[in-house]
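Scroll down for the structure; my scribbles are underneath it.
If you're wondering where the values come from, they're calculated on a predicted model, not measured in any experiment. Per chain, numbering begins at 1; letters A, B, ... match sequence-line order.
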Amino acid sequence: MPKEAAKPRRKAAEKADKPARKPKKVPGAPKRALSAYMFFSQDWRERIKTENPDAGFGELGKLLGAKWKELDEAEKKPYIDQAARDKERADDEKAAFDTKQKNGSGDEEDEE
DNA sequence: CGATTGATTGTTATT
DNA sequence: AATAACAATCAATCG
């Protein structure tokens, strides 16, 4: 049995009183990459809507997530692949962000 | 060095 | 424009 890391990833439905998550923390945030779910939704949202034209937001989310878990790794693979591809892109942004901050704030194209 | 957390991504319908 | 379940993620940061 693999060791489990105590990582109770639960953040959704945690809207007690917080004014939503913070807009951003660090200036020039290179934004992360999309997750496989993002690509999965882009492709599936059509089918979900096709098979569930009455499905609203709740149904979509729950139904989508349920399907996602149903898929096999091979099924998710293409989505993960896209996510991985985007990750490379995000990596570039991060690299640029890292380099830029290392360089110093001097000449920016259009950054305020 | 390890774990945790925080920030982020995209969908839709409603307001 | 913003929010809210759904899932991933993963990079930076703290101990």
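Within the structure, every side-chain polar atom (N or O) of A/Trp44 is placed at least 4.0 Å from both OP1 and OP2 of B/dT11. Residue A/Lys87 has a polar side-chain atom (N or O) positioned under 4.0 Å from OP1 or OP2 of C/dA11. Within the 4.0 Å cut-off from OP1 or OP2 of C/dA12, at least one side-chain nitrogen or oxygen of A/Lys94 is found. Of the side-chain N and O atoms in A/Lys31, none sit less than 4.0 angstrom from OP1 or OP2 of B/dA7. The side chain of A/Lys49 contributes an N or O atom lying less than 4.0 Å from OP1 or OP2 of B/dA13.
Looking at every heavy atom in both residues, A/Ala83 comes nearest to A/Leu34 through CB-O, 3.9 Å. Of all heavy-atom pairs spanning A/Tyr79 and A/Phe40, the tightest one is CD2-CA, 3.5 Å. The two residues A/Glu75 and A/Leu71 make their nearest non-hydrogen contact at CB-CB, 3.5 Å.
Between A/Leu64 atom CG and C/dA5 atom C1' the separation is 11 Å, expressed in whole Å. Atom CD of A/Glu70 is separated from atom P of C/dA7 by 12 Å (rounded to the nearest Å). Per the geometry, CD belonging to A/Glu93 stands 18 Å off P belonging to B/dA7, to the nearest Å. Separating the CD atom of A/Glu59 from the P atom of B/dT14 is a distance of 11 Å, rounded to the nearest angstrom. Rounded to whole angstrom, the span from the CZ atom of A/Arg45 across to the C1' atom of B/dT9 amounts to 15 Å. Spacing between atom CG of A/Asn52 and atom C1' of B/dT11 amounts to 14 Å, rounded to whole angstrom units. Atom P of nucleotide C/dA12 and atom CZ of A/Phe97 are separated by 8 Å, given to the nearest angstrom. In this structure, CZ of A/Phe39 is placed 8 Å from C1' of B/dT9, rounded to the nearest angstrom.
Salt bridge A/Asp91/A/Lys87: present, at least one basic N to carboxylate O contact under 4.0 Å.
Nucleic acid contact class of A/Gly58 (heavy atoms, under 4.0 Å, all strands): none.
For A/Leu34 and A/Leu63, each mapped to the nucleotide of DNA chain C holding its nearest heavy atom, the one lying further toward the 5' end belongs to A/Leu63. The residue among A/Asp91 and A/Ser41 whose nearest nucleotide of DNA chain C lies closer to the 5′ end is A/Ser41.
Side-chain to base pairing of A/Arg32 with C/dT9: one donor and one acceptor N or O lie within less than 3.5 Å of each other.
Hydrophobic clustering of Ile, Leu, Val, Met, Phe, Trp and Tyr side chains at less than 4.5 Å, counting indirect connections, keeps A/Met38 apart from A/Ile80.
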